[in-house]
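Below, chains carry the letters A, B, ... as their sequence lines are ordered, and counting in each starts from 1. Just so it is clear, the model here is predicted, and its values are computed rather than measured.
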Amino acid sequence: MKKKLLAGICAVTLVGSASLVFAGRLSYDNGGGITNSPHNMPAYLQAKGAAPETSQLCVFCHTPHNATGSGEAGYNPLWNHKMDTSTANFIPYEGIDVNDPDYIAGGGDTSFNALNGFGAGAYDVLKGPSRLCMSCHDGVTAIDAFSSGNNSVTLSYADSYDKKIMIGENISDNSNPASSNYFGATRDLRNDHPIGFSYIDVADGEDALGMAKDINIRNYATPVTTWLGAGKTSVAQIKDVLFKGEFLTCSSCHDVHNTDGTKTAGGSFAKPLLRVTTDGSALCLMCHSK
Amino acid sequence: MGWVKFYGVLSRDVCLKKSFFVLAVACIALSGCAAKEARKSFFYPKPPNSPHLQYLTSFSIGRDLEGERLFPFLHANADKNNIIVKPYGIAVKNGRIYVTDTALSRLMVIDLNEKKFSPVDNPLIALRLPANLNLDEKGNIYVADTLRQEIVIVDPMLQSSTAVGNELKMKPTDVAVTKDRLFVVDNDQNELKILDRETGKLIKAVGKNSDPKKGLSLPTNLMLDEKNGFMYITNQGTGKVVKMDLDGNILKSIGGFGDRFGLFSRPKGVFVDDDGYIYVVDAGNQVVQIFNQEGKILMFFGQRGSGPGTLDLPADIFVTREKIDYLDQFVDPGFVREKLIFITNQTGPRKVSVFAMGHAREEAANSLEAVNPQESIPEQKKIP
C-alpha cells in the first residue's frame, strides 16, 4: 500500500526540473539569481525573437493586481451586475486540503485513483505553489524542452501507462542516447518525485489514505545540514521547505528564483535549480533516513 | 459523501480479493450509491445575478458515463484503460468529444450518444505529445503534436493517420483548418505558420516581431473565426489574446497580466462562438472569461477547488449549439440551454467539464435554487 501510494503520489519535479534548465536561457550560473536563470522570461523571449512587453521578471508569476486606474469601471463584467468584495480579484491558487470534504466528495482525482488502484478520496497533488509551476510546465508550453533540444525525449508508445507519471508525463527513454535526463533505471518517475502529500502524515503514520508510518522518513523537525544556501537561516529544518509546514511541493526541492544554489564539489549537478546537491544523494538523504 | 468514500474502498477490495463475501457487500454498497444526494445546480454569475451559465457534469473515466458497475471486477481492464489522465485539446462533433491526453500520448473519444469511452490505441496513430486538435468538415482530426513536431491528421474512422510539417522543425501547439490552408501555432518560434492544406508546404509565417505590439509571445492556442475572417491567439509571454485577420495582420489585443477582470495570468484555450462571444481560458486563475467583439468583458466563470463548477489547470475550450440528448438530464428545469461549453482540466477530479450557456426560464427566474460553490470551500486544515 505504501509503495503504491508513493508510486502514485508521483512526480512532477523532474519535469519542472529538466525543462527548467532549458526553458529559458540555455546556460546559467547556479545561485546567480533569477536574472541569471532559465526563469528570466524577458531574456528567453528576446532570444526567441519575441520581445516581452516589459523587462520586469516577476510579473509572469507574481501577477500584478492592476487594481486602480481609470480603466477599472471598464473591467466590470456586463453580466455580473452585482459583485461582492470576494470577487474583486481572481483568487490565487493555494491548493485543496487533504481532508477537504469538497475534494473527497468530488471523488478526488479519479484518473489518479483508477491508475493506482485507489477508490474515491484523494488529495490535491498540486497543492501550494506547484499549480503555478505546472501552469507553464503543462506539457505544451514548457516541459518537453529537454537537454538536447525539443526532440530528445522519446516516449515509447509501447510503455504501459502504469509507468507514466501523473502530472509531468515525459519519461526519458533509456535506450535513446540523446536522452540522459532520466531518473532511475526503471524510467518510473513516480518512485522518486512525489509531491502534494503531507510529509507529517507520512513520517508519523497517520494518513488520509491509511498508509502506515514510514520509519525511514526523518522527522519534519530534523535540522538540514546540506542546504546549498548555507547562509539562509530561514531554512533550519525540513519543515521549513514544506508548504504550510506540512506539504511537499515542487519548491521543497527546487529553488525557482535561483538564489540559493552553489556549484557542487564535482561542479556537476546542483542544477536544475536544486536546493540541495545530488552529490552523494544528499537531496534524497535530506528526508530519507537510509 | 460517506457513501462515496466507503464504496471507493470496497471497489478496490473487490478487484483484489474477488471474494463472494466482498461481492455481497459491494451489492449493498451499490444500493447505497444509488440513493445519491439530490443534485444541486451551480450557476454563473453567482446569485443574485441572473444565471447565464450552468455547470452540468464532468467526465474523467468511463464509469462517469457508463454508470456504476454491479460487478466492478468484470470491467476492471476496460475501466483501467477508459481513462483521461492529463487532457489538453478538445473538440466536439456529432455528440462525440475528442480529447488529447498528453500523459497517455493518445486521443480519447467520448461518445455521448453511445455512452462510451473509446481510447484510440491504434499504433498507426502513434501520437507522442498531442496538444490541441481540430476537426475539418469531413471529420478528419488534426492534432498538433509537439514531440513529433508535426501535424498529425487522423481519419474520421480512427484507422490511420498522415502527417505534415515535419520539415519545418516546429513546436506546434495548435492547428486550424480552412478549405485550402492550415494555420499552425509554432510555440517555440513565436510564429503562426500558414501551410497549404493540400501539399503541407509553408506559404508564410507571421507574428514574429521584436515589437511586442506587433508580434506573438509564447503563443499556445488558436481560434479561427472563419466566418468573420479573424484569428485569436493566446500568448503566455504577454498575457494577451491577439486578434489577427486571416493574413496574419494584428488588429488588436485583449488583456495583459493581472488578476482583475479582463486580465489574464496564463491565457490558454480560446474560442469564438456563433454569437461572436470570445471565451478565454486562464490556467493561472482557474477561470474562463467571456468577452464581446469589442473586447469588453461580459462575465467569468469557474473557480479554484474541486467541487462542481470548479476548474483545475484548465487548458482548452469548445463551444457548440449541438443538441446532445445525454446532457439534457443535467440541465436545471429552471434554465434554458442554448449552447454547450466543454473545458479540459489538466488535473483534479474533473478532466472534462461541461457547462451550459443560456438563460433562466421566465416563469422560474425567481425560483432557481442556486448554490454558491464558493461556500463549499472550507478553511485550511490546521497544522499540528
Side-chain angles (χ1 to χ4, degrees), chain A residues 45 48-53 59 63-67 75-82 89-91 93 96-111 114 117-121 125-126 131 134-135 138-141 144 150-151 155 157 161 164 166-167 169 200 244-246, chain B residues 1 4-5 8-9 11-12 45 48-49 52 60-61 83-86 88 102-105 126 128-129 131 146-147 171 173 190 208 210 212 215 217 220 236-238 257-263 265-266 283-285 287 297-299 304-307 346-349 376-378 380-381 383:
Chain A
L45 291 168
K48 291 292 183 181
E53 287 198 303
V59 63
T63 310
H65 300 306
N66 294 324
Y75 286 142
N76 287 336
L78 291 178
W79 293 352
N80 293 57
H81 296 300
K82 186 171 171 60
N89 296 83
F90 297 125
I91 305 163
Y93 209 96
I96 306 160
D97 195 88
V98 172
N99 296 323
D100 182 345
D102 175 41
Y103 201 68
I104 293 170
D109 188 323
T110 41
S111 302
F118 294 125
V125 179
L126 296 183
R131 185 166 269 98
M134 303 316 288
S135 69
D138 62 354
V140 173
T141 299
D144 53 335
N150 284 345
N151 211 16
L155 265 173
Y157 189 77
Y161 54 69
K164 300 194 176 182
M166 297 296 298
I167 302 300
E169 67 283 357
I200 294 171
K244 291 185 183 290
E246 179 173 6
Chain B
M1 185 194 97
V4 174
K5 194 168 188 184
V9 173
S11 66
R12 187 163 76 244
N49 298 293
H52 287 273
S60 299
I61 55 178
I83 183 171
I84 302 170
V85 172
K86 195 180 176 194
Y88 200 96
T102 56
L104 302 186
S105 305
R128 289 177 63 195
L129 211 164
T146 59
L147 268 187
K171 183 186 173 190
T173 53
N190 297 295
K208 190 166 197 159
S210 58
S217 187
T220 54
Q236 309 216 30
T238 54
F257 285 119
D259 62 1
R260 286 192 66 80
F261 313 120
L263 301 174
S265 132
R266 299 280 182 271
N285 292 327
V287 297
I297 183 169
L298 300 175
M299 66 172 285
R304 63 178 182 150
S306 59
Q346 287 196 293
T347 186
S376 63
I377 296 179
Q380 287 282 344
K381 178 186 170 192
I383 311 297

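- B:Ser217 approaches A:Ala50 most closely through the heavy-atom pair CA-CB, 4.2 Å.
- Heavy-atom minimum distance, B:Gln346 versus A:Met134: OE1-O, 4.4 Å.
- Per-residue heavy-atom pair counts under 4.5 Å with chain A were compared for B:Met299, B:Gln236, B:Arg266, and the maximum is reached by B:Arg266.
- A pairwise comparison of heavy atoms in A:Ser135 and B:Ala283 identifies CB-O, 4.1 Å as the closest pair.
- Looking at B:Asn190, its side chain does come within 3.5 Å of a backbone N or O of A:Lys48 through a donor-acceptor pair.
- Residue A:Leu45 holds its CG atom at 8.5 Å from OG1 of B:Thr238, rounded to the nearest 0.5 Å.
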